[in-house]
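In what follows, a single structure is set out as structure tokens and then discussed.
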Amino acid sequence: MAQSQGHRPVTPVSGAHVLQGAAVRRWIALAEIVADQTRDLVDILNVFPVPDADTGTNVLLTLRSASDALHRLGRAADAAQVARAAADGAVRGARGNSGLLVSQALAAFADVCSEAPDPTGLRPVELVHVYEAMADTTWAAVSRPVSGTLLSVARDAATAARSALEEATASSPATLSLIAAAAAFGAQESVVETAGLGHGPVDAGGAAFMLLLTSLSDTIDAIQDAGGGTAEAPELRQGHQDADEHAPYTAVARQMLTDLAAGGVPHSVGPEPLGMSTGEFEVMYLLEATAVQAGQLRRDLELIGDSVGVVGTPDALGVGLYQVHVHTDTPRAALPHAGRARQICIHHLHPTALVSSTDEPPSPWGALDSDPTGHVVSFERLAARRAERKAKSVRMHPSQAAVPRPTPEEAPRLAVRSRQSGVGVIACTRAPGLIEQLARSDAAVVLNPDREGIARAAADLGASQVIVLPCDAACTEAAHDAARFLAARSAVSTVRPPVGTRKSSTARETARAGVQTGTQSERYAAEGIQLLVCDTDDEARVLAAAVALAGRGEEAELTELARRAWSAAAGLRTIALNGAQADAEAVARAVASALRPSDELLTVITGRNAGRDVGALAASAAVGARGHVIGEDVEVAVHAGGQEHPDVLIAIE
């Protein structure tokens with residue numbers, strides 16, 4: 001029953017004239033299906049703000065999180081409740097800059113639903129408010145808005161929806177279908193206008209957002225054609241033919257994007273477009289904080305990076321869960337000073353050599369004969385030196401090799417192959433000072449890891465097989481927990497198609513056919529991820545294993561990579577020192593007594609409470625113990641890890 005306003009009851013409106021909760025639920029389901037079908041297409045369009053070909057994947061993961069939240073919501077929920085659950089799920093699962101903006105758009109949708117006179121459904125005028133709120137909030141969510149992107153598409157869609165409402169007459173009134181179609185067409189025209197702006201054939205984020213709006217238009221029409229009830233509307237299936245039949249606007253939009261991609265290039269080869277991200281690392285995490293703390297964090301992030309987003313929905317007390325995103329050269333500075341952060345993931349956006357000479361931190365003991373410039377020799381560069389001594393050539397990071405650009409026809413196939421056959425690496429750490437070195441090794445870095453953070457990083461990598469490098473016993477347990485969690489989600493569906501139907505026998509297509517049932521094990525069969533947890537048990541072993549895996553090729557097998565990681569980690573002798581044992585002089589004595597004649601490398605990782613002179617005295621102890629100048633036989637790497645425990649970690653190889 002509709003709620004009342006004062007003494008005048010709200011006149012009930014039929015389901016054909018209001019957007020009800022069941023329709024919103026159906027919209028999110030269709031949007032997820034469309035995002036899955038167009039993931040490869042949108043990925044190859046991705047140039048802005050970083051040409052990393054993951055916009056389609058990020059939007060899919062964001063919408064999948066929204067859909068998961070709706071599976072936990074009662075079927076009788078009204079429009080406001082469904083919209084809020086979808087928005088909260090999207091915020092929790094947002095990936096990348098595009099996913100963050102999609103979650104913000106869904107949050108704006110939920111806000112309009114909650115403020116509507118009747119929360120059970122939206123009328124045409126309130127649907128216009130939805131498009132306008134999406135445009136305003138997505139624009140406000142970006143620290144440095146750039147035209148010709150998703151932001152422009154959202155604004156043009158809102159303008160078209162408002163025009164359709166204002167042009168309506170008594171004889172031709174505005175309807176939900178009219179408003180939604182106007183917004184969808186406005187978004188399509190806007191996407192076409194992004195061509196030629198240096199963002200690829202068209203802007204990938206704008207394309208993904210346009211598909212979201214066409215899905216809404218198709219949902220409204222399907223329900224209207226069924227007489228206003230979702231029960232009578234055609235059942236949604238994951239197959240391409242079913243989606244095309246019941247989502248005609250979206251089918252046309254997808255074909256339009258396919259044609260545009262075929263006529264353009266997957267990545268821009270000219271000058272960087274205005275607003276292109278220059279940050280070397282992408283940092284994302286969930287933050288539990290007050291609105292004031294979130295606002296301050298956003299201002300702080302704008303000083304150190306770009307593509308900044310701090311998106312969330314605070315409650316009545318001003319406390320909420322925020323999705324944080326930034327591209328920056330200083331990932332450690334992106335960590336919050338207030339609130340509680342979790343699922344902290346760091347990715348390297350602009351592949352470079354593992355390390356260059358200018359990246360070396362100043363030596364705490366000044367210039368030496370082995371290093372006249374007075375820099376510490378990094379662990380990564382030492383790995384390259386060892387390889388040089390053995391193979392007579394410097395090992396090259398895969399990113400240094402020239403990779404031919406795929407043609408528009410090849411790109412979708414290559415994108416699928418890379419997701420299904422590649423082996424990803426997750427490096428776990430509790431040392432903020434190591435995240436840059438670990439990320440440069442081409443690993444996804446999870447700081448202060450837990451099950452959710454590891455599972456999230458595994459999904460972000462897009463690989464079917466992932467090696468996890470845990471940093472301690474608790475992290476190992478969390479990694480195994482994440483492996484069981486992902487295995488449960490990706491269990492092969494037992495659903496069998498009816499006899500005589502044309503279905504592929506592959507597990508992926510069987511699972512996709514099972515999407516209609518709504519069970520999570522079936523829905524995730526297509527995204528099965530196998531985690532292999534290595535035996536690394538401290539930060540030094542994680543760093544050694546990550547560097548050893550940095551040179552892996554696309555065709556490298558999981559077992560070979562696991563052997564390589566184990567060999568690198570097992571080759572270290574580590575000593576963890578705390579309290580009085582971590583005093584600088586005690587560390588020096590430990591180094592002197594632990595070094596052997598055959599040792600080549602001494603690594604010292606200092607914790608949050610370690611003394612500043614620990615590295616200098618450890619290096620001096622190495623000189624005294626061996627009787628040589630540092631660098632001839634023993635090289636020293638000092639990292640200010642900043643971990644809480646241990647105070648000092650010594651690794652010798």
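Any value given below was found using the heavy atoms of this structure, including those in side chains, with hydrogens, waters and symmetry copies removed.
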- Query: Mind checking whether V311 and V324 have side chains closer than 4.5 Å, heavy atoms only?
  - Reply: no
- Would you call R298 and E302 a salt bridge, taking side-chain N to carboxylate O under 4.0 Å as the test? yes
- Task: Report yes if the side chains of D68 and R72 come closer than 4.5 Å at any heavy-atom pair, otherwise no.
- Result: yes
- Query: Under 4.0 Å between a Lys/Arg side-chain N and an Asp/Glu carboxylate O for R155 and E132?
  - Reply: no
- Expected output: side-chain R64 to main-chain E32 donor-acceptor under 3.5 Å: no
- Task: Measure from the side-chain N and O atoms of D218 to the backbone N and O of T250, and report whether any donor-acceptor pair falls under 3.5 Å.
- Result: yes
- Query: Just by modelled atom types, is the A187 backbone N or O under 3.5 Å from a matching donor or acceptor in the D156 side chain?
  - Reply: no
- Query: Are Y131 and L213 close enough, and set up right, to give a side chain to side chain contact (heavy atoms under 4.5 Å, CB included), and what steps lead you there?
  - Reply: CA-CA 9 Å; Y131 293 117; L213 299 189; 3.9 Å; yes
- Item | Side-chain donor or acceptor of S307 paired with backbone N/O of N97 under 3.5 Å | no
- Any donor-acceptor pair under 3.5 Å linking the side chain of N58 with the backbone of S98? no
- Out of V283, I346, I344, which one pairs with I435 under the side-chain contact (heavy atoms from CB on, under 4.5 Å) rule? I346
- Looking only at atom types and distance, does a side-chain atom of D203 sit under 3.5 Å from a main-chain N or O of L150, one as donor and one as acceptor? yes
- Task: Using atom types as modelled and distance alone, determine if a side-chain donor or acceptor of T258 lies under 3.5 Å from a backbone N or O of R254.
- Result: yes
- Query: How about L61 and R456: do any of their side-chain heavy atoms sit closer than 4.5 Å?
  - Reply: no
- Task: Answer yes if the side chains of T175 and S177 hold a donor-acceptor pair under 3.5 Å, and no otherwise.
- Result: no
- Is there a donor-acceptor pair under 3.5 Å between the side chain of D43 and the backbone N or O of T55? yes
- Check: L211 main-chain N/O paired with S215 side-chain donor or acceptor under 3.5 Å: yes
- Message: Side chains of H348 and F281, heavy atoms from C-beta outward: is any pair under 4.5 Å?
- Response: yes
- Query: Can you tell me if T138 uses its side chain to pair, donor with acceptor, with the backbone of A135 under 3.5 Å?
  - Reply: yes
- Message: Hydrogens and angles aside, do Q465 and Q530 bring a side-chain donor and acceptor to less than 3.5 Å of each other?
- Response: yes
- Item | Student check: side-chain heavy atoms of Y322 and L297 closer than 4.5 Å | no
- Determine, for R332 against E436, whether the closest basic-nitrogen to carboxylate-oxygen distance falls under 4.0 angstrom. no
- Given R92 and Q323, is the side-chain hydrogen bond (donor to acceptor under 3.5 Å, both in side chains) satisfied, shown in steps? CA-CA 7 Å; R92 285 181 170 85; Q323 184 71 248; over 6 Å; no
- Query: Is there a side-chain contact between L19 and L216 (heavy atoms, below 4.5 Å)?
  - Reply: yes
